[in-house]
Amino acid sequence: MTHVVVIGAGQAGAACVAKLRALGFDGQITLVGAENVLPYQRPPLSKKYLLGEMTLERLFLRPESFYEEQNINLRLGTRVTAIDTVARKVVTEAEELTYDHLVLATGATPNRLPASIGGDLGGVYVVRDLADVDAMAPEFVEDRRVLIVGGGYIGLEAAAVAASKGLKVTLVEMSERILQRVAAPETSDYFRDLHAAHGVEVLENVGLKGLQGEGRVVSAELTDGTQLAVDFVIVGVGVKPNTALAEGAGIALDNGIKTDALGRTDVEAVWSAGDCASFPYKAAQIRLESVPNAIDQAEVVAENIMGAEKPYVAKPWFWSDQYDVKLQIAGLNSGYDRVVTRDNGDGAKSFWYYKGETLLAVDAMNSARDYMVGKRLIEGGKSPSAEVVADMTIEIKDLMRL
(Lines give C-alpha, C1' and ligand atoms only; values in the text may rest on other atoms or scores of the structure.)
Protein backbone atom coordinates (compact mmCIF):
# COMPACT_ATOMS: atom_id res chain seq x y z
CA MET A 1 0.00 0.00 0.00
CA THR A 2 1.35 3.44 -0.95
CA HIS A 3 2.20 5.65 2.03
CA VAL A 4 2.26 9.45 1.85
CA VAL A 5 3.90 11.17 4.80
CA VAL A 6 3.36 14.91 5.23
CA ILE A 7 5.64 16.81 7.61
CA GLY A 8 3.97 19.94 8.91
CA ALA A 9 0.38 20.10 10.15
CA GLY A 10 -0.31 23.71 9.18
CA GLN A 11 -2.50 25.03 6.40
CA ALA A 12 -0.47 23.43 3.59
CA GLY A 13 -0.11 20.04 5.23
CA ALA A 14 -3.78 19.87 6.15
CA ALA A 15 -4.83 20.94 2.65
CA CYS A 16 -2.61 18.30 1.05
CA VAL A 17 -3.95 15.33 3.02
CA ALA A 18 -7.56 16.43 2.60
CA LYS A 19 -7.09 16.82 -1.16
CA LEU A 20 -5.51 13.39 -1.47
CA ARG A 21 -8.56 11.76 0.07
CA ALA A 22 -10.93 13.96 -1.98
CA LEU A 23 -9.17 12.74 -5.13
CA GLY A 24 -9.74 9.13 -4.13
CA PHE A 25 -6.29 8.25 -2.84
CA ASP A 26 -6.78 5.02 -0.88
CA GLY A 27 -3.27 4.48 0.45
CA GLN A 28 -1.93 5.29 3.89
CA ILE A 29 -1.59 8.95 4.94
CA THR A 30 0.34 10.21 7.95
CA LEU A 31 0.34 13.88 8.93
CA VAL A 32 3.13 14.81 11.35
CA GLY A 33 2.88 18.04 13.34
CA ALA A 34 5.15 19.50 16.02
CA GLU A 35 2.29 21.22 17.84
CA ASN A 36 -0.02 19.27 20.12
CA VAL A 37 -3.23 20.60 18.58
CA LEU A 38 -5.26 19.88 15.48
CA PRO A 39 -4.33 21.84 12.33
CA TYR A 40 -5.67 25.37 12.69
CA GLN A 41 -5.92 28.75 10.97
CA ARG A 42 -3.08 31.14 11.76
CA PRO A 43 -4.36 34.52 10.49
CA PRO A 44 -7.06 34.91 13.19
CA LEU A 45 -4.46 34.35 15.93
CA SER A 46 -3.28 37.96 15.80
CA LYS A 47 -6.80 39.30 15.22
CA LYS A 48 -10.08 37.74 16.39
CA TYR A 49 -8.53 35.06 18.61
CA LEU A 50 -6.32 37.54 20.44
CA LEU A 51 -9.28 39.90 20.77
CA GLY A 52 -11.28 37.08 22.35
CA GLU A 53 -13.75 37.03 19.47
CA MET A 54 -12.91 33.50 18.29
CA THR A 55 -12.69 30.29 20.32
CA LEU A 56 -10.00 27.64 19.94
CA GLU A 57 -12.50 25.21 18.39
CA ARG A 58 -13.33 27.73 15.67
CA LEU A 59 -9.64 28.01 14.82
CA PHE A 60 -9.44 24.34 13.85
CA LEU A 61 -9.50 23.74 10.10
CA ARG A 62 -11.48 20.54 10.60
CA PRO A 63 -12.73 18.58 13.61
CA GLU A 64 -10.81 15.57 14.85
CA SER A 65 -13.57 13.32 13.49
CA PHE A 66 -12.63 14.33 9.92
CA TYR A 67 -9.19 12.77 10.23
CA GLU A 68 -10.65 9.63 11.78
CA GLU A 69 -13.31 9.29 9.08
CA GLN A 70 -10.77 9.91 6.32
CA ASN A 71 -8.30 7.45 7.83
CA ILE A 72 -5.58 10.08 8.15
CA ASN A 73 -3.06 9.17 10.83
CA LEU A 74 -2.24 12.21 12.96
CA ARG A 75 1.12 12.38 14.72
CA LEU A 76 0.70 15.56 16.74
CA GLY A 77 3.25 16.84 19.23
CA THR A 78 5.84 14.98 17.17
CA ARG A 79 9.14 16.39 15.95
CA VAL A 80 10.94 14.94 12.96
CA THR A 81 14.66 14.62 13.61
CA ALA A 82 15.89 13.39 10.23
CA ILE A 83 14.92 12.26 6.75
CA ASP A 84 16.67 9.40 4.95
CA THR A 85 15.83 9.90 1.28
CA VAL A 86 17.70 6.75 0.20
CA ALA A 87 15.80 4.41 2.54
CA ARG A 88 12.74 6.69 2.25
CA LYS A 89 12.32 7.00 5.98
CA VAL A 90 11.22 9.81 8.27
CA VAL A 91 12.78 9.61 11.72
CA THR A 92 10.84 11.08 14.65
CA GLU A 93 11.58 11.07 18.35
CA ALA A 94 9.30 8.07 18.75
CA GLU A 95 9.39 6.04 15.53
CA GLU A 96 10.51 5.65 11.93
CA LEU A 97 7.98 6.07 9.13
CA THR A 98 8.66 4.58 5.70
CA TYR A 99 7.20 6.60 2.84
CA ASP A 100 6.51 6.27 -0.86
CA HIS A 101 5.94 10.01 -1.19
CA LEU A 102 7.04 12.69 1.25
CA VAL A 103 5.64 16.22 1.41
CA LEU A 104 7.57 18.91 3.26
CA ALA A 105 5.12 21.52 4.54
CA THR A 106 7.33 22.71 7.35
CA GLY A 107 6.29 26.37 7.25
CA ALA A 108 8.34 29.23 8.59
CA THR A 109 9.71 30.52 11.89
CA PRO A 110 9.56 34.15 13.06
CA ASN A 111 12.79 36.04 13.40
CA ARG A 112 13.60 36.87 17.02
CA LEU A 113 15.64 39.61 18.58
CA PRO A 114 19.19 38.61 19.50
CA ALA A 115 19.81 37.80 23.15
CA SER A 116 22.56 40.43 23.09
CA ILE A 117 19.92 43.18 22.93
CA GLY A 118 17.47 41.56 25.33
CA GLY A 119 15.57 39.30 22.98
CA ASP A 120 15.50 36.48 25.54
CA LEU A 121 13.94 38.55 28.32
CA GLY A 122 10.54 37.65 29.67
CA GLY A 123 7.72 39.69 28.18
CA VAL A 124 9.20 39.63 24.66
CA TYR A 125 6.95 37.82 22.18
CA VAL A 126 6.65 36.83 18.54
CA VAL A 127 3.40 36.09 16.71
CA ARG A 128 3.37 32.81 14.84
CA ASP A 129 1.61 29.95 16.55
CA LEU A 130 -1.08 29.25 19.12
CA ALA A 131 1.40 28.97 21.99
CA ASP A 132 2.83 32.41 21.15
CA VAL A 133 -0.57 34.08 21.25
CA ASP A 134 -1.79 32.20 24.33
CA ALA A 135 1.38 33.29 26.14
CA MET A 136 0.94 36.98 25.32
CA ALA A 137 -2.84 37.22 25.72
CA PRO A 138 -2.75 37.99 29.49
CA GLU A 139 -0.51 40.99 28.75
CA PHE A 140 -3.31 42.81 26.93
CA VAL A 141 -4.64 44.85 29.83
CA GLU A 142 -5.95 48.39 29.42
CA ASP A 143 -3.40 51.18 29.95
CA ARG A 144 -0.37 48.87 29.82
CA ARG A 145 2.51 49.94 27.56
CA VAL A 146 3.50 47.78 24.63
CA LEU A 147 6.32 48.27 22.16
CA ILE A 148 5.82 46.78 18.70
CA VAL A 149 9.08 46.18 16.80
CA GLY A 150 8.47 46.09 13.05
CA GLY A 151 6.05 47.93 10.82
CA GLY A 152 4.98 45.10 8.55
CA TYR A 153 1.52 43.54 8.56
CA ILE A 154 2.11 41.38 11.64
CA GLY A 155 3.31 44.37 13.66
CA LEU A 156 0.47 46.58 12.46
CA GLU A 157 -2.16 43.93 13.23
CA ALA A 158 -0.74 43.46 16.72
CA ALA A 159 -0.77 47.24 17.21
CA ALA A 160 -4.41 47.38 16.12
CA VAL A 161 -5.44 44.71 18.63
CA ALA A 162 -3.51 46.39 21.43
CA ALA A 163 -4.94 49.83 20.69
CA SER A 164 -8.44 48.38 20.43
CA LYS A 165 -8.03 46.93 23.93
CA GLY A 166 -6.97 50.29 25.35
CA LEU A 167 -3.21 49.78 25.62
CA LYS A 168 -0.62 52.51 25.06
CA VAL A 169 1.09 51.45 21.85
CA THR A 170 4.42 52.51 20.35
CA LEU A 171 5.51 50.97 17.05
CA VAL A 172 9.04 51.36 15.70
CA GLU A 173 10.11 50.71 12.12
CA MET A 174 13.77 51.03 11.19
CA SER A 175 13.02 51.64 7.49
CA GLU A 176 11.94 55.03 6.21
CA ARG A 177 8.28 54.02 6.40
CA ILE A 178 6.00 51.23 7.57
CA LEU A 179 5.25 48.56 4.96
CA GLN A 180 8.21 49.76 2.89
CA ARG A 181 9.18 46.26 1.75
CA VAL A 182 5.70 45.28 0.58
CA ALA A 183 3.69 48.36 -0.35
CA ALA A 184 3.73 51.76 -2.02
CA PRO A 185 4.05 55.00 -0.03
CA GLU A 186 0.33 55.57 -0.58
CA THR A 187 -0.55 52.40 1.34
CA SER A 188 1.99 53.25 4.04
CA ASP A 189 0.42 56.70 4.42
CA TYR A 190 -3.06 55.22 4.67
CA PHE A 191 -2.16 52.85 7.50
CA ARG A 192 0.05 55.35 9.32
CA ASP A 193 -2.91 57.75 9.45
CA LEU A 194 -5.25 54.94 10.49
CA HIS A 195 -3.05 53.94 13.44
CA ALA A 196 -2.44 57.53 14.48
CA ALA A 197 -6.20 58.05 14.60
CA HIS A 198 -6.39 55.17 17.09
CA GLY A 199 -3.68 56.61 19.31
CA VAL A 200 -0.73 54.48 18.16
CA GLU A 201 2.62 56.27 18.16
CA VAL A 202 4.35 55.24 14.93
CA LEU A 203 8.09 55.96 14.83
CA GLU A 204 9.69 55.47 11.42
CA ASN A 205 13.38 55.49 10.56
CA VAL A 206 13.93 54.44 14.17
CA GLY A 207 15.19 51.06 15.26
CA LEU A 208 15.54 49.24 18.54
CA LYS A 209 18.95 49.52 20.17
CA GLY A 210 18.22 47.27 23.13
CA LEU A 211 15.81 46.05 25.80
CA GLN A 212 16.58 46.26 29.50
CA GLY A 213 15.35 44.34 32.53
CA GLU A 214 16.33 41.78 35.14
CA GLY A 215 14.73 38.62 33.79
CA ARG A 216 11.81 40.58 32.32
CA VAL A 217 11.74 43.57 30.01
CA VAL A 218 11.00 46.93 31.68
CA SER A 219 12.39 49.45 29.20
CA ALA A 220 13.68 49.92 25.68
CA GLU A 221 16.32 52.16 24.13
CA LEU A 222 15.74 53.25 20.55
CA THR A 223 18.41 54.11 17.99
CA ASP A 224 17.59 57.82 18.27
CA GLY A 225 18.40 57.72 22.00
CA THR A 226 14.79 57.62 23.20
CA GLN A 227 14.18 55.61 26.37
CA LEU A 228 10.75 53.98 26.73
CA ALA A 229 9.22 52.30 29.76
CA VAL A 230 7.43 49.17 28.50
CA ASP A 231 5.38 46.38 30.02
CA PHE A 232 5.93 43.97 27.13
CA VAL A 233 7.23 43.81 23.56
CA ILE A 234 5.93 42.19 20.39
CA VAL A 235 8.45 41.47 17.63
CA GLY A 236 7.27 41.37 14.02
CA VAL A 237 10.40 41.43 11.89
CA GLY A 238 9.69 38.75 9.32
CA VAL A 239 10.07 34.99 9.12
CA LYS A 240 12.51 32.50 7.70
CA PRO A 241 11.49 29.25 5.97
CA ASN A 242 12.00 26.05 7.93
CA THR A 243 14.54 24.29 5.73
CA ALA A 244 16.79 22.47 8.22
CA LEU A 245 15.25 19.04 7.63
CA ALA A 246 15.49 19.44 3.87
CA GLU A 247 19.06 20.71 4.06
CA GLY A 248 20.05 17.83 6.34
CA ALA A 249 18.61 15.40 3.79
CA GLY A 250 20.57 16.96 0.93
CA ILE A 251 17.54 18.55 -0.74
CA ALA A 252 18.27 21.67 -2.78
CA LEU A 253 17.43 25.08 -1.32
CA ASP A 254 16.77 28.38 -3.11
CA ASN A 255 14.89 30.97 -1.07
CA GLY A 256 13.38 28.04 0.81
CA ILE A 257 12.99 24.45 -0.31
CA LYS A 258 13.39 24.59 -4.07
CA THR A 259 10.61 23.00 -6.11
CA ASP A 260 9.77 22.84 -9.79
CA ALA A 261 6.44 23.87 -11.28
CA LEU A 262 4.85 20.60 -10.12
CA GLY A 263 5.99 21.00 -6.52
CA ARG A 264 8.77 18.41 -6.76
CA THR A 265 12.12 18.91 -5.05
CA ASP A 266 15.32 17.68 -6.66
CA VAL A 267 15.04 14.40 -4.72
CA GLU A 268 12.77 11.70 -6.09
CA ALA A 269 9.43 11.26 -4.31
CA VAL A 270 9.93 14.38 -2.15
CA TRP A 271 7.59 17.35 -2.62
CA SER A 272 7.15 20.66 -0.85
CA ALA A 273 4.44 23.32 -0.41
CA GLY A 274 3.54 26.35 1.66
CA ASP A 275 5.65 29.00 3.37
CA CYS A 276 8.78 26.82 3.25
CA ALA A 277 8.70 26.18 -0.51
CA SER A 278 9.94 28.28 -3.42
CA PHE A 279 8.65 27.74 -6.94
CA PRO A 280 9.04 29.13 -10.49
CA TYR A 281 7.02 32.28 -11.17
CA LYS A 282 7.56 34.54 -14.19
CA ALA A 283 11.22 33.57 -14.69
CA ALA A 284 12.01 33.86 -10.96
CA GLN A 285 12.07 31.44 -8.04
CA ILE A 286 9.76 32.96 -5.43
CA ARG A 287 8.24 32.04 -2.10
CA LEU A 288 4.84 33.31 -0.95
CA GLU A 289 3.84 33.55 2.69
CA SER A 290 0.06 33.40 2.48
CA VAL A 291 -2.84 31.10 3.25
CA PRO A 292 -4.14 31.03 -0.36
CA ASN A 293 -0.72 30.00 -1.64
CA ALA A 294 -0.35 27.31 1.03
CA ILE A 295 -3.70 25.78 0.14
CA ASP A 296 -3.46 26.03 -3.64
CA GLN A 297 0.14 24.83 -3.86
CA ALA A 298 -0.50 21.92 -1.49
CA GLU A 299 -3.56 20.82 -3.43
CA VAL A 300 -1.59 20.85 -6.69
CA VAL A 301 1.08 18.71 -5.02
CA ALA A 302 -1.66 16.25 -3.98
CA GLU A 303 -2.91 16.11 -7.56
CA ASN A 304 0.60 15.50 -8.86
CA ILE A 305 1.23 12.72 -6.36
CA MET A 306 -1.81 11.15 -8.01
CA GLY A 307 -0.14 11.60 -11.41
CA ALA A 308 -1.78 14.76 -12.74
CA GLU A 309 1.48 16.41 -13.94
CA LYS A 310 -0.21 19.79 -13.29
CA PRO A 311 1.94 22.93 -13.00
CA TYR A 312 1.20 25.24 -10.11
CA VAL A 313 0.15 28.64 -11.47
CA ALA A 314 0.19 31.08 -8.57
CA LYS A 315 -2.55 33.69 -8.30
CA PRO A 316 -1.18 35.76 -5.43
CA TRP A 317 -3.60 37.44 -3.05
CA PHE A 318 -3.36 38.48 0.58
CA TRP A 319 -5.37 40.27 3.24
CA SER A 320 -4.99 42.08 6.54
CA ASP A 321 -7.58 43.23 9.09
CA GLN A 322 -6.80 46.32 11.17
CA TYR A 323 -9.52 48.00 13.24
CA ASP A 324 -12.53 48.30 10.92
CA VAL A 325 -10.39 48.27 7.77
CA LYS A 326 -10.03 45.20 5.58
CA LEU A 327 -7.06 45.36 3.26
CA GLN A 328 -7.19 43.01 0.27
CA ILE A 329 -4.23 42.67 -2.08
CA ALA A 330 -4.22 41.08 -5.52
CA GLY A 331 -1.05 40.37 -7.49
CA LEU A 332 2.60 41.12 -6.75
CA ASN A 333 3.82 44.70 -7.04
CA SER A 334 7.52 43.94 -7.61
CA GLY A 335 9.06 46.39 -10.09
CA TYR A 336 6.17 48.87 -10.16
CA ASP A 337 6.94 52.38 -11.40
CA ARG A 338 3.56 54.08 -11.01
CA VAL A 339 0.62 53.99 -8.59
CA VAL A 340 -2.84 55.37 -9.30
CA THR A 341 -5.61 55.87 -6.76
CA ARG A 342 -9.35 55.27 -6.73
CA ASP A 343 -10.99 57.06 -3.81
CA ASN A 344 -14.46 55.75 -3.02
CA GLY A 345 -14.94 58.01 0.01
CA ASP A 346 -15.20 57.32 3.76
CA GLY A 347 -11.74 55.78 3.84
CA ALA A 348 -12.50 53.27 1.07
CA LYS A 349 -9.61 53.45 -1.39
CA SER A 350 -7.61 51.34 -3.76
CA PHE A 351 -4.09 51.75 -5.10
CA TRP A 352 -3.25 50.26 -8.50
CA TYR A 353 0.37 49.35 -9.28
CA TYR A 354 1.69 49.60 -12.83
CA LYS A 355 4.95 48.76 -14.52
CA GLY A 356 4.83 50.70 -17.76
CA GLU A 357 1.40 49.90 -19.15
CA THR A 358 1.03 46.61 -17.27
CA LEU A 359 -1.18 46.30 -14.20
CA LEU A 360 0.73 44.33 -11.54
CA ALA A 361 -1.22 44.56 -8.30
CA VAL A 362 -4.00 46.27 -6.36
CA ASP A 363 -4.19 47.26 -2.68
CA ALA A 364 -7.85 47.76 -1.72
CA MET A 365 -8.92 49.16 1.65
CA ASN A 366 -12.61 48.55 2.40
CA SER A 367 -13.09 48.39 -1.37
CA ALA A 368 -14.09 44.80 -2.06
CA ARG A 369 -15.38 45.56 -5.57
CA ASP A 370 -12.12 47.25 -6.55
CA TYR A 371 -10.23 44.23 -5.24
CA MET A 372 -12.38 41.71 -7.10
CA VAL A 373 -12.17 43.60 -10.40
CA GLY A 374 -8.44 44.14 -10.00
CA LYS A 375 -7.88 40.46 -9.21
CA ARG A 376 -9.84 39.33 -12.26
CA LEU A 377 -7.98 41.76 -14.51
CA ILE A 378 -4.56 40.65 -13.25
CA GLU A 379 -5.38 36.95 -13.48
CA GLY A 380 -6.76 37.50 -16.99
CA GLY A 381 -3.65 39.39 -18.09
CA LYS A 382 -5.65 42.53 -18.79
CA SER A 383 -4.38 46.05 -18.10
CA PRO A 384 -6.74 48.99 -18.42
CA SER A 385 -4.82 52.23 -18.77
CA ALA A 386 -3.80 53.96 -15.57
CA GLU A 387 -5.69 57.06 -16.69
CA VAL A 388 -8.91 55.08 -17.05
CA VAL A 389 -8.48 53.45 -13.62
CA ALA A 390 -7.94 56.85 -12.00
CA ASP A 391 -11.09 58.28 -13.65
CA MET A 392 -13.77 58.07 -10.95
CA THR A 393 -16.50 58.85 -13.50
CA ILE A 394 -15.93 55.30 -14.81
CA GLU A 395 -17.66 52.57 -12.80
CA ILE A 396 -15.26 49.96 -11.44
CA LYS A 397 -17.23 47.13 -13.05
CA ASP A 398 -16.83 48.77 -16.46
CA LEU A 399 -13.05 48.26 -16.32
CA MET A 400 -13.66 44.63 -17.19
CA ARG A 401 -15.10 45.66 -20.56
CA LEU A 402 -12.51 48.25 -21.56
Side-chain angles (χ1 to χ4, degrees), residues 43 46-47 151-157 159-160 173 175-198 200 202 204 281-282 286 288-293 296 313-402:
S46 59
K47 308 178 190 79
Y153 289 118
I154 288 294
L156 292 173
E157 288 169 3
E173 169 54 57
S175 299
E176 292 181 1
R177 57 183 174 86
I178 58 172
L179 301 176
Q180 180 164 317
R181 186 177 65 87
V182 294
E186 289 87 343
T187 299
S188 298
D189 293 345
Y190 183 99
F191 283 99
R192 184 189 308 106
D193 292 345
L194 176 67
H195 282 271
H198 286 83
V200 175
V202 177
E204 295 165 306
Y281 180 82
K282 296 183 178 178
I286 71 167
L288 295 178
E289 297 163 7
S290 75
V291 168
N293 173 72
D296 294 346
V313 180
K315 299 177 180 179
W317 62 278
F318 313 85
W319 79 91
S320 177
D321 294 314
Q322 298 170 46
Y323 309 106
D324 58 351
V325 172
K326 186 173 191 67
L327 166 66
Q328 295 170 287
I329 304 168
L332 295 177
N333 64 26
S334 302
Y336 75 92
D337 53 30
R338 184 179 182 187
V339 178
V340 298
T341 302
R342 287 186 68 88
D343 190 339
N344 298 306
D346 296 323
K349 287 186 177 182
S350 59
F351 302 124
W352 299 62
Y353 296 79
Y354 280 82
K355 181 177 183 180
E357 301 300 315
T358 302
L359 176 63
L360 299 178
V362 177
D363 293 348
M365 285 69 66
N366 286 351
S367 297
R369 292 175 66 196
D370 289 19
Y371 163 74
M372 288 303 299
V373 169
K375 186 171 187 287
R376 289 172 64 187
L377 287 168
I378 293 164
E379 290 177 359
K382 299 178 180 179
S383 296
S385 74
E387 290 72 23
V388 166
V389 169
D391 186 348
M392 292 303 294
T393 66
I394 298 175
E395 290 284 335
I396 188 69
K397 67 179 186 298
D398 292 336
L399 296 182
M400 296 297 300
R401 297 195 289 269
L402 296 175

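Below, all heavy atoms of this structure are taken into account, side chains as well, without hydrogens, waters or symmetry copies.
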Please output the side-chain donor-acceptor pairs of residues 390-402 that fall under 3.5 Å, not counting sequence neighbours, one pair per line with the distance.
{"residue": "Asp391", "atom": "OD1", "partner": "Thr393", "partner atom": "N", "Å": "2.9"}
{"residue": "Asp391", "atom": "OD1", "partner": "Thr393", "partner atom": "OG1", "Å": "2.5"}
{"residue": "Asp391", "atom": "OD2", "partner": "Thr393", "partner atom": "OG1", "Å": "3.2"}
{"residue": "Asp398", "atom": "OD1", "partner": "Arg401", "partner atom": "NH2", "Å": "2.3"}

Determine all donor-acceptor pairs shorter than 3.5 Å in which one atom belongs to a side chain in residues 355-363; sequence neighbours excluded.
{"residue": "Asp363", "atom": "OD2", "partner": "Thr187", "partner atom": "OG1", "Å": "2.8"}
{"residue": "Asp363", "atom": "OD2", "partner": "Tyr353", "partner atom": "OH", "Å": "2.5"}

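- With sequence neighbours excluded, the residues forming a side-chain hydrogen bond (donor to acceptor under 3.5 Å, both in side chains) with Asn344 are Ser367, Asp370, listed by chain and number.
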For residues 327-335, dump all side-chain donor-acceptor pairs below 3.5 Å to protein atoms at least two apart in sequence or in another chain.
{"residue": "Asn333", "atom": "ND2", "partner": "Val182", "partner atom": "O", "Å": "2.9"}

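- Listed by chain and number, the residues in a salt bridge (charged side-chain N to carboxylate O under 4.0 Å, His left out) with Glu186 amount to none (sequence neighbours excluded).
- Evaluation of the side chain to side chain contact (heavy atoms under 4.5 Å, CB included) rule for Gln322 yields Tyr153, Leu156, Glu157, Ala160, Phe191, Leu194, His195, Ser320 as partners, not counting sequence neighbours.
- Taking Arg177 as the reference, nothing meets the salt bridge (charged side-chain N to carboxylate O under 4.0 Å, His left out) condition, with sequence neighbours excluded.
- Judged as a side-chain hydrogen bond (donor to acceptor under 3.5 Å, both in side chains), and not counting sequence neighbours, the contacts of Glu379 are Lys375.
- Applying the salt bridge (Lys or Arg N to Asp or Glu O under 4.0 Å) test to every pair with at least one member in residues 329-344, sequence neighbours left out, gives these pairs: Arg338-Glu387.
- Note: Tyr354 OH to Ser385 OG = 6.5 Å, rounded to the nearest 0.5 Å.
- Lys47 places a side-chain N or O within donor-acceptor distance of the main-chain N or O of Pro43, the cut-off being under 3.5 Å.
- Using a 4.5 Å heavy-atom threshold, the side chains of Trp319 and Tyr371 count as separate.
- Judged as a salt bridge (charged side-chain N to carboxylate O under 4.0 Å, His left out), and not counting sequence neighbours, Asp193 has no contacts.
- Within the structure, every pair that satisfies the salt bridge (Lys or Arg N to Asp or Glu O under 4.0 Å) test and touches residues 313-328, not counting sequence neighbours, is listed here: Asp321-Lys326.
- Judged as a side-chain hydrogen bond (donor to acceptor under 3.5 Å, both in side chains), and not counting sequence neighbours, Lys349 has no contacts.
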